Peer 1: 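Below is one structure. I have some questions about it.
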Amino acid sequence: ILIATPTRSPIPPTLTPAPLPSSTPAVSSTQVSTKDGMVLIYIPAGDFLMGSADSDKEANSDEKPQHKVYLDAFWIDKTEVTNVMYARCVQAGACQTLFETKSFARSSYYTNAQFKDFPVIYVSWDDAGKYCKWAERRLPTEAETEYMLRAAGKANGNYHFGDNEADLKDHAWYSENADNKTHPVA
């Protein structure tokens with residue numbers, strides 16, 4: 001005679017879900033475009049004061065009134081589009097050949113390999129749109145540009161680094177330090 005004795009079945013383990021990777025990139029995350037090699041920077045969502053205060057005597061009237069703007073997160077190109085990047089779009093047949101291949105200071109610019117990492121110039125608004133479509137991106141809005149330049153809402157001065165115009169030379173090429181020439185993008 002067999003007598004059945006109860007046996008304990010092991011308790012099945014409880015499934016503990018593994019933490020999912022965050023779908024929100026970290027601040028200052030980067031990614032590289034497979035189309036043109038552009039490095040893109042993640043700009044987190046947030047709000048900022050867009051425009052200029054009424055007390056700002058140097059501001060144009062279309063910069064006023066200053067108002068709060070909220071933006072969703074977005075990705076933006078780290079630098080200007082370079083000659084070599086634009087040439088890839090032309091080679092792909094999505095962009096037109098530039099009507100001018102020299103620059104103000106250089107008789108050979110766009111087609112000269114020495115300047116491949118310099119910003120492309122003489123691109124029309126329509127050509128910029130075609131480039132963006134080919135690169136699977138878009139031009140930033142005015143609000144996105146100002147938000148990004150104000151360090152994602154954290155800077156309230158005229159520049160992302162503050163209000164001291166003397167420091168501008170450490171952050172950008174402009175009429176006072178560029179020697180009337182384009183320079184490689186950083």
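Note that these values count all heavy atoms, side chains included, but never hydrogens, waters or copies made by symmetry. All of these numbers come straight from a predicted model, not from anything done at the bench.
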Peer 1: What is the minimum heavy-atom distance between T24 and Y42, and which atoms define it?
Peer 2: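 Nearest pair, atom of T24 first, then Y42: CG2-OH, 3.4 Å.
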Peer 1: Decide if atom NZ of K116 counts as having more than 12 heavy atoms of other residues, nucleotides or ligands within a radius under 6.0 Å.
Peer 2: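 Counting neighbours around NZ of K116, 12 or fewer heavy atoms of other residues, nucleotides or ligands fall under 6.0 Å, so no.
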Peer 1: What is the distance from atom OG of S175 to atom CG of N177, rounded to the nearest 0.5 Å?
Peer 2: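 Those atoms lie 8.0 Å apart.
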Peer 1: Just by distance, do the side chain of E63 and the backbone of G51 share a donor-acceptor pair under 3.5 Å?
Peer 2: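 Pair absent, no side-chain N/O of E63 close to backbone of G51.
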Peer 1: Would you please name every residue forming a salt bridge (Lys or Arg N to Asp or Glu O under 4.0 Å) with K181, sequence neighbours left out?
Peer 2: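 Expected list: D179.
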Peer 1: Can you get from L149 to I41 by hopping between Ile, Leu, Val, Met, Phe, Trp and Tyr side chains that sit under 4.5 Å apart?
Peer 2: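 Yes.
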Peer 1: Say you draw a straight line from CE of M38 to CD of Q31; how long is it, rounded to the nearest 0.5 Å?
Peer 2: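 Taking CE in M38 and CD in Q31, the distance rounds to 12.0 Å.
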Peer 1: If Ile, Leu, Val, Met, Phe, Trp and Tyr residues are connected whenever their side-chain heavy atoms lie under 4.5 Å apart, and connections chain through other members, are F115 and I121 in the same group?
Peer 2: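 In one cluster with F115: I121, yes.
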Peer 1: Do D36 and Y131 pair up side chain to side chain, a donor and an acceptor below 3.5 Å, judged on atom types alone?
Peer 2: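 Their side chains do contain a donor-acceptor pair, which is all the 3.5 Å distance test asks for.
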Peer 1: Output the distance between atom CG (N83) and atom CE (M85), rounded to the nearest 0.5 Å.
Peer 2: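 Between atom CG of N83 and atom CE of M85 there are 10.5 Å.
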Peer 1: Would you mind reporting whether P25 and W75 have side-chain heavy atoms less than 4.5 Å apart?
Peer 2: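 A side-chain contact exists here, since the closest heavy-atom pair is under 4.5 Å.
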Peer 1: Please list all pairs passing the salt bridge (charged side-chain N to carboxylate O under 4.0 Å, His left out) test where one or both residues lie in residues 70-94, with sequence neighbours left out.
Peer 2: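 For residues 70-94: D77-R137.
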Peer 1: For A178 and W173, work out which heavy atoms get closest and say how close.
Peer 2: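 Looking at all heavy atoms of both residues, the closest pair is CA-CE3, 3.9 Å.
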Peer 1: Does any part of the side chain of V84, heavy atoms only, come nearer than 4.5 Å to the side chain of D117, both counted from C-beta?
Peer 2: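 Sidechains of V84 and D117: in contact.
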Peer 1: Per the side chain to side chain donor-acceptor pair (under 3.5 Å) rule, what does the pair list look like for residues 102-114, sequence neighbours excluded?
Peer 2: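 The answer is R106-T182, Y109-T182.
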Peer 1: Return each pair, listed once, that meets disulfide (SG to SG under 2.5 Å) where at least one residue sits in residues 42-94; pairs must be two or more places apart or across chains.
Peer 2: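 Non-adjacent pairs meeting disulfide (SG to SG under 2.5 Å): C89-C95.
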Peer 1: Please lay out, stage by stage, how L168 and Y174 fare under the test side chain to side chain contact (heavy atoms under 4.5 Å, CB included).
Peer 2: CA-CA 9 Å; L168 184 58; Y174 67 110; 3.7 Å; yes
Peer 1: Hey, are the side chains of D127 and K130 touching, using non-hydrogen atoms and a 4.5 Å cut-off?
Peer 2: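 Heavy-atom side-chain distance check passes, below 4.5 Å.
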Peer 1: What's the separation between atom CG in L49 and atom NZ in K68, rounded to the nearest 0.5 Å?
Peer 2: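 Result: 7.0 Å between the selected atoms.
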Peer 1: Which heavy atom in A128 sits nearest to a heavy atom in V123, and how many Å separate them?
Peer 2: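 Shortest heavy-atom separation between A128 and V123 comes out as N-CG1, 3.6 Å.
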Peer 1: Please examine the side chains of E142 and M50, heavy atoms only from C-beta on, and report whether any two atoms are closer than 4.5 Å.
Peer 2: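 Answer yes - side chains close enough.
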Peer 1: To the nearest 0.5 Å, what is the distance between OG1 (T141) and CD (E146)?
Peer 2: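 Spacing of OG1 (T141) from CD (E146) equals 10.0 Å.
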Peer 1: What's the shortest heavy-atom distance between S33 and A135, and which atoms?
Peer 2: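 Result for this residue pair: OG-O, 4.4 Å.
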Peer 1: Might you point out which heavy atoms bring K64 and A53 nearest each other, and give the distance in Å?
Peer 2: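 Heavy-atom minimum between the residues: CE-O, 3.4 Å.
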Peer 1: Give the minimum heavy-atom separation between L98 and Y122, together with the two atoms involved.
Peer 2: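 Shortest heavy-atom separation between L98 and Y122 comes out as CD2-O, 3.5 Å.
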Peer 1: Is there a path of hydrophobic side-chain contacts, each under 4.5 Å between heavy atoms, that joins F118 and F99?
Peer 2: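 Cluster IDs for F118 and F99 match.
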Peer 1: Report whether F74 and V69 are members of the same hydrophobic cluster (ILVMFWY, side-chain heavy atoms less than 4.5 Å apart, transitive linking).
Peer 2: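 Yes, one cluster joins them.
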Peer 1: Output the distance between atom OG (S29) and atom CD1 (I43), rounded to the nearest 0.5 Å.
Peer 2: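 Rounded to the nearest 0.5 Å, the OG-CD1 separation comes to 10.5 Å.
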Peer 1: Which residues satisfy the salt bridge (Lys or Arg N to Asp or Glu O under 4.0 Å) test with D170, sequence neighbours excluded?
Peer 2: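 D170 satisfies salt bridge (Lys or Arg N to Asp or Glu O under 4.0 Å) with no residue once adjacent residues are dropped.
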Peer 1: Within a reach of under 6.0 Å around CZ of F104, are more than 12 heavy atoms found that belong to other residues, nucleotides or ligands?
Peer 2: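 Atom CZ in F104 is not packed in, count stays at 12 or less.
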Peer 1: Hey, does the side chain of N60 reach the backbone of D62 with a donor-acceptor pair shorter than 3.5 angstrom?
Peer 2: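 Answer holds: no.
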Peer 1: Can you list everything that forms a salt bridge (Lys or Arg N to Asp or Glu O under 4.0 Å) with R138? Sequence neighbours excluded, please.
Peer 2: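 Residues passing salt bridge (Lys or Arg N to Asp or Glu O under 4.0 Å) with R138: E144.
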